[in-house]
There are 4 protein chains.
Amino acid sequence: MTESKLRELYEQNLRQMDNLTEKQQNILKAALSLFAEQGFDATSSSQIAKRAGVAVGSVYQHFHNKRELLMAVLTPLTKSVFSQAADQFIDKTLDKDYNSLEQFIRALVADRMLFISNNREEFKIMLGQLLSDNQLGPELNHAFNEQPKTTAFPIIDRLKKKKLIIDYPNDVIVQFVFGPLVTFFGKIILAIKPMPIDQEINYAVGLIVNGLTPRSN
Amino acid sequence: MTESKLRELYEQNLRQMDNLTEKQQNILKAALSLFAEQGFDATSSSQIAKRAGVAVGSVYQHFHNKRELLMAVLTPLTKSVFSQAADQFIDKTLDKDYNSLEQFIRALVADRMLFISNNREEFKIMLGQLLSDNQLGPELNHAFNEQPKTTAFPIIDRLKKKKLIIDYPNDVIVQFVFGPLVTFFGKIILAIKPMPIDQEINYAVGLIVNGLTPRSN
Amino acid sequence: MTESKLRELYEQNLRQMDNLTEKQQNILKAALSLFAEQGFDATSSSQIAKRAGVAVGSVYQHFHNKRELLMAVLTPLTKSVFSQAADQFIDKTLDKDYNSLEQFIRALVADRMLFISNNREEFKIMLGQLLSDNQLGPELNHAFNEQPKTTAFPIIDRLKKKKLIIDYPNDVIVQFVFGPLVTFFGKIILAIKPMPIDQEINYAVGLIVNGLTPRSN
Amino acid sequence: MTESKLRELYEQNLRQMDNLTEKQQNILKAALSLFAEQGFDATSSSQIAKRAGVAVGSVYQHFHNKRELLMAVLTPLTKSVFSQAADQFIDKTLDKDYNSLEQFIRALVADRMLFISNNREEFKIMLGQLLSDNQLGPELNHAFNEQPKTTAFPIIDRLKKKKLIIDYPNDVIVQFVFGPLVTFFGKIILAIKPMPIDQEINYAVGLIVNGLTPRSN
DNA sequence: AATGAATGAGCGTTCATTCAT
DNA sequence: CATGAATGAACGCTCATTCAT
């Protein structure tokens, strides 16, 4: 699946979203929960139909095959990760003139950790696809590479000028900040009961900030 | 699948390993690569047979069903993760009387990052199963919880006594150290070209150590 | 398979019978003839599909596995043998006040011999299953033991009181009457051309009646 | 399979029987019991090998395929039924100058009922084959038709001359005598516990004799 | 003679997808 | 639009049979 295809799909899906009948919405919900519970491959069309309370044929009325249904399920997520979220984030953080590293990290970590927590099912599905779909990886790769350049990098650069952040390459810093987030998600996958999310955030922020703060000597 | 079952499987597989004919070895290799490329469910028996250069029936001669084959593929990994690795690690680190935090972190990060790098295919497969097999999670969970208590926790405690490490809960510290390792694995999954592994290690160690080192004031 | 399961199956099949599409009816017919010709195990799903003129998948649309199809095929028989037949028989014979042994035997033999003749294919299938399915035997055993007690035994008792029948145990008498019926079925299995059925009945009735009639001295 | 083929097989098997190693004998025994328990189709070569305590390949050393093994198992039976038994019977009964019907019937029924009881496993297997193998029926049919003509018919004719037996066609009489025998075998198949064999014989003989004895008036 | 790994056709069954109603 | 019976390719797996050792 090329990027253009994804965008096409996304946009056609977006258009559909508005027209979606109640039955279609139910199909989407049923698919989401089943894909998350059992994986995409292990979920059959008839299972989706049953949980949605419709006939099998109805599943194929709007979503012309199972893969298209998967994309429709994933679309709001990719949208959130790569555009909406970014935009929101720029509004929230770039506009404010962050003077302290902690303010910046806390805002970012809190935002993303809640995002992960709220969209855990979609993330699980997406990760599952990532592992088996060899074309999905490079595409997200691109997004992961490009997005921070326009959002996080400028902030980091400003913090660097003020000597408020350690002088490591920007991508290394971003990657480091992502560590606790990814670990948090890992706990969800492993069904490890996380601490209350506030605590998770506090500990993560404390350690990241300490890690990124330059030593005086 | 209970833990005892897993151990049974592992031991019977180990016994088989020795008796394995060349064709059976090929089947194991073929299964490993195909599971990693496409996922377990998406890989058919006939595909495995074809890549191994054998007949379908031969796949089932020693591995009585596909799941047993999966276990045979994953066995060396689980072994390494949960026993061998732990044992080695205790030898390597506990015996030496680590005086500096960096020595400890570097030893651990280098060891585990190489381990991840060397077993990336098996890890991808295991993660894939984790997402769809609801019984695998809790089992590994247990291992993840218990193992550090006997290996890493004593070292952390000693470092705490010497004020060489920040006074956070032990499990939070362990989780934080795992962050860059998990992120590193994430890059592999996303097919993001990592830096040379030495650099990955150096940056990770630098940031983790800085994050865990107490501030004087 | 417990009796309740059989009854469940029977009732759910009965419900299906009405809903059965023409293709499904063809599947039932094809299965019946193939099971009778070749036995249950030796008949493949694809063979059934081919003879029914449908796709393999259609065989499994209503009958969820081959065994359920077998039961659907046998159901009309078990129904007739163990309920309908019994009921009819009670109506036909118990109500009439049989005064002569011959009347009773002739009614019974004629009825059952026609029944065997009309359902020879189903009987062959059932016998085949009886030989390989160790759970079917005891179940029918029960039915064979219980049914006569409520239908034939009272009549025999009355005939005994009137000294119209030999004073042997009731079950021995029933078993003796069944002899020619079973032999008749044996001829069908061996593809031995039977005589015209009227003759078969006349001879059997003559010999059975003579066998059961008490000698004066 | 033509009759000549059966005879060929039988004779070649007979020759083999003498050369049979202990392992081969075990294979024969294992096959017999398994075929009787589960049916021919449901019994796999490896199952036979396991029960016989040999390797799969050994099963095919003497018996070149499963069907040949079946024949080897069935041969002693067909032999007994159609030649040995007949010969023995002629010796036992024809030579004696039966004056009473009961003597004749008792000898015959006792002999055959014990024969059935002793060879119940082989009979079950043979019946199973009879139901699925459309070529076996006519062959046995022939044997069933021809054998009595040379053994039982002359005796019956002599009894008729002495007015000791009812004047029904010979084949009807034979068929009637077989009734209780077949019913007895039916009980074995249905796993219905029979009475002590002496009782079974006594009741059967009593009823058959009564059935075949002419009434004075 | 005995072994058991290897073979591949064939089995029962599933399921994404289509289409007449 | 919705339905669900029909389709047939594909799957996991079995097993009679072969053959190198």
Side-chain angles (χ1 to χ4, degrees), chain A residues 19 21-24 27 41-50 52-69, chain B residues 19-24 26-27 41-50 52-69, chain C residues 19-24 26-27 41-50 52-69, chain D residues 19 21-24 27 41-50 52-69:
Chain A
N19 309 347
T21 65
E22 201 190 319
K23 297 215 172 193
Q24 299 301 328
I27 289 167
D41 283 322
T43 302
S44 71
S45 307
S46 72
Q47 241 180 327
I48 296 169
K50 185 178 272 179
V54 301
V56 218
S58 298
V59 175
Y60 286 84
Q61 197 78 36
H62 289 274
F63 311 104
H64 301 83
N65 54 55
K66 235 180 95 185
R67 204 175 165 85
E68 208 167 278
L69 180 54
Chain B
N19 309 346
L20 244 42
T21 65
E22 200 191 320
K23 299 218 171 195
Q24 297 300 328
N26 289 341
I27 289 166
D41 284 322
T43 301
S44 72
S45 308
S46 71
Q47 242 180 326
I48 296 169
K50 186 176 274 178
V54 302
V56 218
S58 299
V59 174
Y60 290 87
Q61 192 83 24
H62 287 273
F63 311 104
H64 300 82
N65 53 56
K66 235 180 91 185
R67 208 180 160 83
E68 207 167 278
L69 182 54
Chain C
N19 308 347
L20 244 42
T21 65
E22 200 191 320
K23 300 218 171 193
Q24 297 300 328
N26 290 340
I27 289 166
D41 284 321
T43 301
S44 73
S45 308
S46 70
Q47 241 181 327
I48 296 170
K50 186 175 275 179
V54 302
V56 219
S58 299
V59 174
Y60 289 87
Q61 192 82 24
H62 288 272
F63 310 104
H64 301 82
N65 53 56
K66 232 179 96 185
R67 209 182 158 79
E68 207 167 278
L69 182 53
Chain D
N19 309 346
T21 65
E22 200 190 321
K23 297 214 172 196
Q24 298 302 327
I27 289 166
D41 284 321
T43 301
S44 72
S45 306
S46 73
Q47 239 180 327
I48 296 169
K50 184 177 272 179
V54 302
V56 216
S58 299
V59 175
Y60 287 84
Q61 197 77 37
H62 288 274
F63 311 103
H64 301 82
N65 55 54
K66 235 179 92 184
R67 203 174 166 83
E68 208 167 277
L69 181 53

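Computed from a predicted model, the values in this text were never measured in an experiment. Just so it is clear, the values below take in all heavy atoms, side chains as well, and ignore hydrogens, waters and symmetry mates. Order of the sequence lines fixes the chain letters, A, B, ..., with proteins taken first and strands second; residue numbering starts at 1 for each chain.
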Grab the two heavy atoms, one from [X] and one from [Y], that are nearest each other, plus how far apart they are.
X       : Y       : value
B/Gln24 : B/Ser58 : NE2-O, 3.3 Å
D/Val54 : D/Lys23 : CG1-CD, 3.8 Å
A/Gln47 : A/Ala42 : OE1-O, 3.7 Å
A/Ile27 : A/Val59 : CD1-CA, 3.9 Å
B/Leu69 : B/Phe63 : CD1-CD1, 3.6 Å

If pairing requires Watson-Crick or G-U wobble contacts with both distances under 3.5 Å, which nucleotide is the partner of [N]?
N      : answer
F/dG8  : E/dC15
F/dT21 : E/dA2
E/dG10 : F/dC13

Nearest whole angstrom, please: distance from the [atom2] of [N] to the [atom1] of [X].
X       : N      : atom1 : atom2 : result
D/Ile48 : E/dA2  : CD1   : P     : 16 Å
D/Tyr60 : F/dT18 : OH    : C1'   : 10 Å
D/Lys50 : E/dG4  : NZ    : P     : 12 Å
C/Gln61 : E/dA16 : CD    : P     : 14 Å
D/Lys66 : F/dA16 : NZ    : P     : 4 Å
C/Glu22 : E/dT21 : CD    : P     : 13 Å
C/Gln47 : F/dG8  : CD    : P     : 18 Å
B/Leu20 : E/dG4  : CG    : P     : 16 Å

Side chain of [X]: nearest nucleotide among [options]?
X       : options               : value
B/Lys23 : E/dA16, E/dG12, E/dA6 : E/dA6
C/Ser46 : E/dT17, E/dC11, E/dT7 : E/dC11
C/Ala55 : F/dC13, F/dA6, F/dG8  : F/dG8

Exercise for the section: Would you please confirm or rule out a distance under 4.0 Å between OP1 or OP2 of F/dA6 and any side-chain N or O of C/Gln24? Expected result: yes

Exercise for the section: Check whether any side-chain N or O of C/Ser45 sits under 4.0 Å from OP1 or OP2 of E/dC11, and answer yes or no. Expected result: no

Exercise for the section: Nearest-nucleotide wise, let me know which of A/Gly57 and B/Asp41 is further upstream toward the 5' end of DNA chain F. Expected result: A/Gly57

Fill in the blank from the handout: Separation between CD (C/Gln61) and OG1 (C/Thr21), nearest 0.5 Å, reads 8.5 Å

Remember a base hit wins even if backbone is also touched, and classify [X] as base, sugar-phosphate or nothing at under 4.0 Å, heavy atoms.
X       : result
D/Ser44 : sugar-phosphate
C/Val54 : sugar-phosphate
B/Ser58 : base

Exercise for the section: Select from B/Gly53 and D/Val56 the residue whose nearest nucleotide in DNA chain E is closer to the 5' end of that strand. Expected result: D/Val56

